[in-house]
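Structure first, commentary second.
Convention: sequence-line order gives letters A, B, ...; per-chain numbering from 1.
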Amino acid sequence: MKRVYVDELSQHVGSDVEIAGWLQIQRGNNKLRFLQVRDGSGIVQAIVAKSDVGEEMFETAKGVTQESSLRVRGTVNADDRAPGGYELIVKDLEIVGQSIDYPISPKEHGSTFLLDHRHLWLRSKKQHAVLRIRHEVIWAIRDFFNNRGFIGFDTPMFTPNAVEGTTDLFEAKYFDTIAFLSQSGQLYAEAGAMAHGRVYTFGPTFRAEKSKTRRHLTEFWMVEPEVAFMDLEGDMQLAEDMTMYVIERVLDKRRDELDMLERDVSKLEAVSGPFRRMHYDKAADILVKYAAEHPDEEGAPFTPGDDFGGRHESILTMNSDSPIMITHFPAEIKAFYMKRDPDEPDRALGFDMIGTEDAGELIGGSVREDSYDVLVSRIKEHSLPMEPFEWYLDLRRYGSVPHAGFGLGLERTVKWITGRDHLRECIPFPRMMYRMKP
RNA sequence: UCCCCAGUAGCUCAAUUGGCAGAGCGGAUGACUGUUAAUCAUCAGGUUCGCGGUUCAAGUCCGUGCUGGGGAGCCA
């Protein structure tokens with residue numbers, strides 16, 4: 001008998017097939033049982049009637065506990081009463097692996113309990129949907145860059161130096177010395193851009209920041225394109241085009257998953273280019289004005305010159321259907337490698353893209369400093385050691401060109417698109433300040 | 001590093017002014033031939049996070065520690 005997946009059942013109506021999977025839950029009575037069987041591709045209701053299978057097999061079916069694995073064989077039937085429209089009229093059933101006292105019940109659970117059982121929580125419908133959307137986002141990003149002539153350029157996880165001196169790094173023993181886990185592949189991507197013109201890195205990054213919020217993980221995935229001869233506007237356009245491609249792809253391919261998550265897809269359908277570009281000074285004006293009109297609101301007060309907090313990002317996008325891009329941040333609150341605007345020497349030629357619906361900062365990008373002399377002075381200003389950056393300075397010694405790129409936080413993007421409350425649901429096994437298990 | 005909150009049955013929670021430790025779900029057993037988080041009946045299930053204190057009496061009040069959650073700072 002042919003083994004098929006649940007999402008192929010519509011092609012087999014009237015035929016006998018085998019489904020292999022796990023029992024989600026079963027209901028029924030003493031003569032008729034409804035087994036919800038999940039096989040990864042979907043869920044199908046398998047119907048076991050005592051009159052069809054006999055006393056012994058019926059008792060076996062009744063004894064299949066939650067999350068036991070099993071094979072069910074029978075006839076595919078189309079029926080409106082069945083979830084999904086198709087069901088399996090069982091002729092034969094076989095338990096593969098019994099599950100005893102499965103900890104996650106169909107009722108509600110707290111986040112601590114669920115995260116302690118993350119390895120099992122992954123089986124539940126919403127987590128299944130989130131990670132399928134994550135998969136779609138990843139491949140949409142790769143396809144987007146591939147279609148535009150970019151080369152995937154993998155950068156190392158072990159690094160000898162910090163990209164941004166301010167951020168805490170994880171240390172690892174590396175034989176008789178120490179290495180740092182990468183907090184960004186950007187510097188290496190710049191070397192790649194000088195070889196291939198257009199590259200992107202896509203990999204895990206590590207930050208030992210003591211942040212315990214819904215917006216932070218200590219290990220997260222980042223996409224970082226880097227393009228030779230690109231300016232700030234080109235960089236922002238690239239970020240916008242990529243974002244639109246990803247949104248449209250998920251809307252096209254993952255409707256069922258968005259529905260499962262009860263995501264308001266009209267919010268995603270409303271996202272459209274061109275995304276608004278806003279000078280930092282304009283954003284600061286809006287925030288100062290808002291704070292004056294809402295004197296009692298926590299997190300609203302804003303001092304021009306400061307970076308934005310989470311509440312500020314939400315205020316700036318509260319009336320917007322699409323992400324906005326804030327440019328020209330004060331250079332002193334940005335990384336050493338950012339080029340400054342010749343017309344406003346105290347401002348960085350960079351941007352932050354802030355998502356709608358309180359998604360926060362999704363992308364940070366900039367034009368890189370391409371002058372050897374200026375870069376050397378920046379490294380000194382930031383009190384960074386010169387020696388580890390000698391190879392990076394070589395990129396400015398040997399045919400330096402204007403270039404730019406950005407970094408997109410994958411989990412933050414998945415959180416925005418899926419509408420989840422927590423970043424920790426947007427990666428299979430989240431790593432946080434107080435959680436490294438399972 | 002700082003601020004706020006929480007910890008009671010496997011899970012989610014309740015317990016009045018300090019006065020007998022409770023419910024729903026899950027589990028077990030039984031009934032029911034179209035269930036959709038099925039329904040109904042019965043049963044089992046407790047170091048109230050640890051330590052110390054106040055009190056005739058502490059889940060409840062005080063001190064302290066631990067664990068976790070949310071947020072600030074910092075960041076994607």
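With sequence neighbours left out, the side-chain contact (heavy atoms from CB on, under 4.5 Å) criterion links A:Glu94 to A:Arg71, A:Arg73. Every residue two or more places apart in sequence or in another chain that forms a side-chain contact (heavy atoms from CB on, under 4.5 Å) with A:Gln66 is listed here: A:Tyr102, A:Pro106.
Proximity of A:Arg214 to the phosphate of B:rG70: no side-chain N or O atom is located under 4.0 Å from OP1 or OP2. Considering only side-chain N and O atoms, A:His422 lies under 4.0 angstrom from the phosphate OP1 or OP2 of B:rG70. Contact annotation: A:Arg215 side-chain N/O to B:rA72 OP1/OP2 distance is under 4.0 Å.
Residues A:Glu67 and A:Gln24 approach most closely at OE2-CA, 4.2 Å, considering heavy atoms.
Base pairing analysis places B:rC74 opposite nothing; no Watson-Crick or G-U wobble pair with both distances below 3.5 Å involves it. The pairing partner recorded for B:rC20 is none, the criterion being a Watson-Crick or G-U wobble arrangement whose two distances lie under 3.5 angstrom. The pairing partner recorded for B:rA31 is B:rU39, the criterion being a Watson-Crick or G-U wobble arrangement whose two distances lie under 3.5 angstrom. In this structure, B:rG68 forms a base pair with B:rC5, meeting either the Watson-Crick or the G-U wobble geometry with both donor-acceptor distances under 3.5 Å. Checking B:rU47 for Watson-Crick or G-U wobble geometry (two distances, each under 3.5 Å) identifies no partner in any strand.
Between the C1' atoms of B:rC66 and B:rC25, the separation comes to 30 Å (whole Å). Rounded to the nearest Å, the gap between the C1' atom of B:rG18 and that of B:rA57 is 8 Å. Between the P atoms of B:rC51 and B:rC13, the separation comes to 25 Å (whole Å). Distance noted for atom C1' between B:rU17 and B:rA37: 39 Å (whole Å). Remark: the separation of the C1' atoms in B:rC49 and B:rU67 is 8 Å, to the nearest Å. Taking the C1' atom of each, B:rA9 and B:rC43 are spaced 15 Å apart, rounded to whole Å. For the P atoms, the distance linking B:rC3 with B:rG10 amounts to 34 Å, nearest Å. Between B:rU48 and B:rC11, the two P atoms lie 15 Å apart (nearest whole Å).
A:Ile333 has its CD1 atom 14 Å from the C1' atom of B:rG73, to the nearest Å. The distance from atom CD of A:Glu209 to atom P of B:rG71 is 15 Å, rounded to the nearest whole Å. When rounded to the nearest whole Å, the span between CZ of A:Arg424 and P of B:rG68 equals 13 Å. Following rounding to the nearest Å, A:Leu362 (CG) and B:rC75 (C1') show an atom-to-atom distance of 13 Å. The nearest whole Å value for the distance from the NZ atom in A:Lys126 to the P atom in B:rA37 is 12 Å. At whole-Å resolution of the value, CG in A:Leu217 and P in B:rC75 are 17 Å apart. Between the CD atom of A:Gln36 and the P atom of B:rU35 there is a distance of 13 Å, given to the nearest Å. Put simply, NZ on A:Lys415 is 16 Å from P on B:rA76, counting in whole angstrom units.
Without hydrogens or angle criteria, A:Arg198 side chain to A:Arg148 main chain gives a donor-acceptor distance under 3.5 Å. Panel note: side chain A:Thr65, backbone A:Ser99; a donor-acceptor pair is recorded below 3.5 Å. Formation of a donor-acceptor pair under 3.5 Å by the A:His128 side chain with backbone atoms of A:Gly40 is found in this model. Side-chain atoms of A:Ser211 do not come within 3.5 Å of backbone N or O of A:Thr213 as any donor-acceptor pair. A donor-acceptor pair under 3.5 Å is absent between the side-chain atoms of A:Ser320 and the main chain of A:Leu316, judged by distance alone. With hydrogens and angles ignored, the 3.5 Å screen pairs a side-chain donor or acceptor of A:Tyr280 with a backbone N or O of A:Gly305.
In the interface, the side chain of A:His109 is not paired with the base of B:rC11 through any donor and acceptor atom under 3.5 Å apart.
In this structure, A:Asp241 places its CG atom where more than 12 heavy-atom neighbours from other residues, nucleotides or ligands lie under 6.0 Å away.
Of all the residues in residues 271-292 of chain A, not one reaches under 4.0 Å from RNA chain B with any non-hydrogen atom. Within residues 301-327 of chain A, the residues having any heavy atom closer than 4.0 Å to RNA chain B are, in order of number, A:Asp307.
Classified by interplanar angle (parallel below 30°, tilted 30° to 60°, perpendicular above 60°), the ring pair A:Phe302/A:His312 is perpendicular. Classification of the A:Phe406-A:Phe145 ring pair by plane angle, with boundaries at 30° and 60°, yields tilted. Between A:Trp221 and A:Phe202, the ring planes are perpendicular. Angles over 60° get that label, and only those under 30° would be called parallel.
In the model, A:Arg81 has no side-chain atom that pairs as donor or acceptor with a side-chain atom of A:Gln45 under 3.5 Å.
Using a 4.0 Å cut-off between charged side-chain N and carboxylate O, A:Glu411 and A:Arg420 make no salt bridge.
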Could you run down the sub-3.5 Å N/O contacts of the protein with nucleotides 1-7 of chain B?
from: B:rU1; atom 1: O4; to: A:Lys210; atom 2: O; distance (Å): 3.4

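Residue contacts shown for A:Pro83 include a base, since a base heavy atom lies under 4.0 Å away.
For A:Ser111, whose side chain is taken as the heavy atoms from C-beta onward, the closest listed nucleotide among B:rG69, B:rA76, B:rG71 is B:rG69. Distance from the side chain of A:Phe113 is smallest for B:rU12 among the nucleotides B:rU12, B:rA72, B:rA76.
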Spell out protein contact along nucleotides 26-34 of chain B as letters: B when the base is contacted, S when just the sugar-phosphate is, - when no protein heavy atom is under 4.0 Å; keep the 5' to 3' order.
S-----BBB
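Between A:Tyr337 and the choices A:Gln186, A:Arg368, A:Arg378, the side chain to side chain donor-acceptor pair (under 3.5 Å) rule is met once, by A:Gln186.
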